[in-house]
Amino acid sequence: MNQPSPCHTKIEINEVAPRDGLQIEARFVPTEDKVRWIDALSTTGLRRIEATSFTSPKAIPNLRDAAEVVTGIQRREGVDITVLVPNVIGTERALACQVDEINLVMSASNSHGLANLRMTPAQSLEQFAAILDVTQGSGVFINASLSTAFGCPFEGEVPEARVLELVEQLISLGIQGITLCDTTGMANPAQVKRLCEAVLGRWPETPFTLHFHNTRGMGLANALAAWQAGITRFDASLGGLGGCPFAPGASGNVCTEDLVHMFEAMGVDTGVDLDALLEVAATLPDLIGHDVPGQVVKAGKSTRRYAMPGR
Ligand code: MG
């Protein structure tokens with residue numbers, strides 16, 4: 001007998017461009033432009049927006065206006081505002097701005113953790129425990145993003161058993177949601193299917209989000225494989241903004257409007273008004289000063305029709 005399909009007819013998108021995209025841009029986007037942009041995004045049906053990062057302004061100067069952005073944007077029913085925080089101080093700043101969700105980040109591999117966060121995974125877990133002490137009773141949802149869950153640019157393979165062990169530790173610590181990140185675009189669809197089936201089978205109650213990069217052109221294929229395994233939550237970045245600091249010139253996060261276009265074309269409800277999202281995506285080159293990798297904004301939707309030539 002056939003197994004029932006784990007595919008869901010509804011998914012939700014977490015827009016990460018305001019944080020993951022802007023953090024590595026060459027120029028600072030003025031605060032009022034960020035606020036206007038996030039306000040436009042929050043009318044398109046996105047379920048969640050990662051608005052900024054409460055990091056040291058020295059570490060990420062582009063996001064030095066975190067508090068002004070979060071307190072400046074319009075808060076809309078049904079759109080959760082999440083922010084990345086690296087430590088207890090950032091957590092306190094984020095809580096003071098009434099965020100809905102806090103996203104913590106750690107690496108699954110030692111070398112990437114040390115290179116990117118100056119912390120081993122064990123040190124990150126200790127830090128998370130201190131952060132959870134501070135957030136207790138706040139009602140704020142605590143998510144953790146696990147970088148290099150599908151491979152490390154320094155160490156290569158990150159064994160699935162290693163990832164499962166870290167997920168187990170995060171859940172027992174009290175982390176409520178987990179994002180599995182293909183930080184440098186090393187994942188392939190077969191591997192994604194295996195890991196997604198493993199985590200969903202073991203922790204069916206935990207909300208898992210998948211964060212893919214299109215570094216090697218496999219972003220949408222990986223998202224499809226995750227969805228086929230039963231995943232319903234995806235990170236994505238408008239225009240495909242963002243990138244990988246270890247692969248200069250490589251394309252970045254999986255593009256939100258391309259991801260929405262794919263799922264909607266398949267009859268999967270993303271909750272997003274694609275036309276409205278494409279309108280916001282079309283403003284990106286002006287906002288950041290350069291072209292972006294997104295495809296559908298250039299080609300139009302697959303329903304677009306052309307006049308036949310020579311008639
Ligand atoms: Mg990313």
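Order of listing sets the numbers, starting from 1, for every ligand and every atom in it. Because only heavy atoms are used, hydrogens play no part in the values below, and waters and symmetry mates are left out as well, while side chains stay in.
- A cation-pi arrangement is present between R64 and F28 under the rule of less than 6.0 angstrom and at most 45 degrees off the ring axis.
- Between D235 and T179, the side chains place no donor N or O within less than 3.5 Å of an acceptor N or O (distance only, hydrogens not considered).
- The pair E168-R202 meets the salt-bridge criterion, with a side-chain N (NZ, NE, NH1 or NH2) lying under 4.0 Å from an Asp/Glu carboxylate O.
- Contact annotation: T183 places no N, O or S atom under 2.8 Å from the Mg ion (ligand 1).
- For D20, the N, O or S atom closest to the Mg ion (ligand 1) goes by the atom name OD2.
- Classification of E15 and R48 as a salt-bridged pair fails, no side-chain N sitting under 4.0 Å from a carboxylate O.
- Inclusion of H211 in the first shell of the Mg ion (ligand 1) is supported: an N, O or S atom falls under 2.8 Å.
- The NE2 atom of H213 and the OD1 atom of N253 meet at the Mg ion (ligand 1) at an angle of about 80°, given to 10°.
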